[in-house]
Structure formats: C-alpha cells, structure tokens
K.L.:
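My questions all concern the structure below.
The model shown is predicted, which means the values in this text are computed figures rather than measured ones.
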Amino acid sequence: MALTAADIAAATGLPAARAASVLAAVTALVEKYAPSAPDSVKEEAILRCSGWIAQAPAAGQRSRAAGPLSADYTPSMTGAMRASGAKGLLAAWRVRRAGAA
C-alpha cells in the first residue's frame with residue numbers, strides 16, 4: 001500500500017505525528033481484518049477509518065438533541081471500522097471461520 005502519514009494528515013487535518021500513529025494503528029486493523037483485500041480497497045478503508053478516528057471527540061462523549069429530548073453517549077473506538085464503513089468495504093475479503101483463529 002502506498003498511503004503515507006502525509007496522506008492521512010492531508011485527508012483528516014491531523015498533525016503529522018498523530019497521523020503517523022493513526023495510520024499505523026488503522027493499517028494493522030485493516031490487515032488483520034481482511035489481509036487478502038486488494039490494496040485499493042484497503043487504502044479506502046484506511047482513509048475512512050482514519051477520518052472517523054480523527055473526528056471522534058477526545059473525551060469520547062457525544063450529544064444529540066431533538067426538540068426537548070437529548071441523549072449523551074460514548075461511541076466505542078473499537079467500532080471505528082464499522083462506524084466509518086471500512087468494515088463493509090472489506091467484508092467481501094473477510095475470511096470467516098467456525099472456530100477460534
């Protein structure tokens with residue numbers, strides 16, 4: 001794959017050092033989830049997941065309101081691949097097993 005920390009920084013607005021650590025973490029997630037996916041699909045999954053992580057609040061708390069109703073919740077960072085759509089992109093190349101791997 002040809003993505004660099006500079007690519008992630010440009011796409012997400014993260015500082016270069018943070019972009020490098022996000023790139024490393026997300027690349028590991030993507031490689032573990034679907035190692036046989038084509039590079040172009042992996043790159044898109046990495047960009048999506050990196051963008052989701054970049055925009056996740058540091059405190060983890062989010063609020064939503066609709067009229068007089070409001071709710072506070074904490075999205076899980078372990079759900080970054082699902083929330084960003086990366087998991088859906090990689091699903092066709094995911095190896096499913098019946099037992100422990």
K.L.:
If I take atom OG1 from residue Thr12 and atom CZ from residue Arg48, how far apart are they, to the nearest 0.5 angstrom?
P.N.:
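Answer rounded to 0.5 Å: 15.5 Å.
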K.L.:
Taking all non-hydrogen atoms of both residues, which atom of Ser50 and which atom of Val22 are closest, and how far apart?
P.N.:
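Smallest heavy-atom distance, with atoms named: OG-CG1, 3.7 Å.
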K.L.:
Apply the side-chain contact (heavy atoms from CB on, under 4.5 Å) test between Lys42 and each candidate in Leu47, Val26, Val30; give the one that qualifies.
P.N.:
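That would be Val30.
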K.L.:
For Ala45 and Ala86, work out which heavy atoms get closest and say how close.
P.N.:
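Closest heavy-atom pair between Ala45 and Ala86: O-CB, 3.6 Å.
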K.L.:
Taking atom CD of Glu43 and atom OG1 of Thr27, what is their separation to the nearest 0.5 Å?
P.N.:
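Nearest 0.5 Å value for the CD-OG1 distance: 9.5 Å.
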K.L.:
Going from OG on Ser21 to CG on Leu14, what distance comes out if it is rounded to the nearest 0.5 angstrom?
P.N.:
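That separation rounds to 8.0 Å.
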K.L.:
How many angstroms lie between atom OG of Ser84 and atom CD of Glu44, to the nearest 0.5 angstrom?
P.N.:
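One finds 9.5 Å between OG of Ser84 and CD of Glu44.
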K.L.:
Does a side-chain heavy-atom distance below 4.5 Å link Pro35 with Trp93?
P.N.:
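A side-chain contact under 4.5 Å is absent here.
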K.L.:
Please find the pair of heavy atoms, one from Ala16 and one from Ala5, that lie closest to each other, and give the distance.
P.N.:
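Ala16 and Ala5 have their closest heavy atoms at O-CB, 4.3 Å.
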K.L.:
I'd like to know if the side chain of Arg82 reaches the main chain of Ala80, judged simply by a donor and an acceptor atom lying under 3.5 Å from each other, with no hydrogens or angles considered.
P.N.:
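No, because the side chain of Arg82 does not come within donor-acceptor range (under 3.5 Å) of the backbone of Ala80.
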K.L.:
Out of curiosity, Ile8 CD1 to Ile46 CD1, how far, rounded to the nearest 0.5 Å?
P.N.:
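It comes to 7.0 Å.
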K.L.:
I'd like to check Met81 versus Leu90 (side-chain heavy atoms, cut-off strictly below 4.5 Å). Are they in contact?
P.N.:
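A side-chain contact under 4.5 Å exists here.
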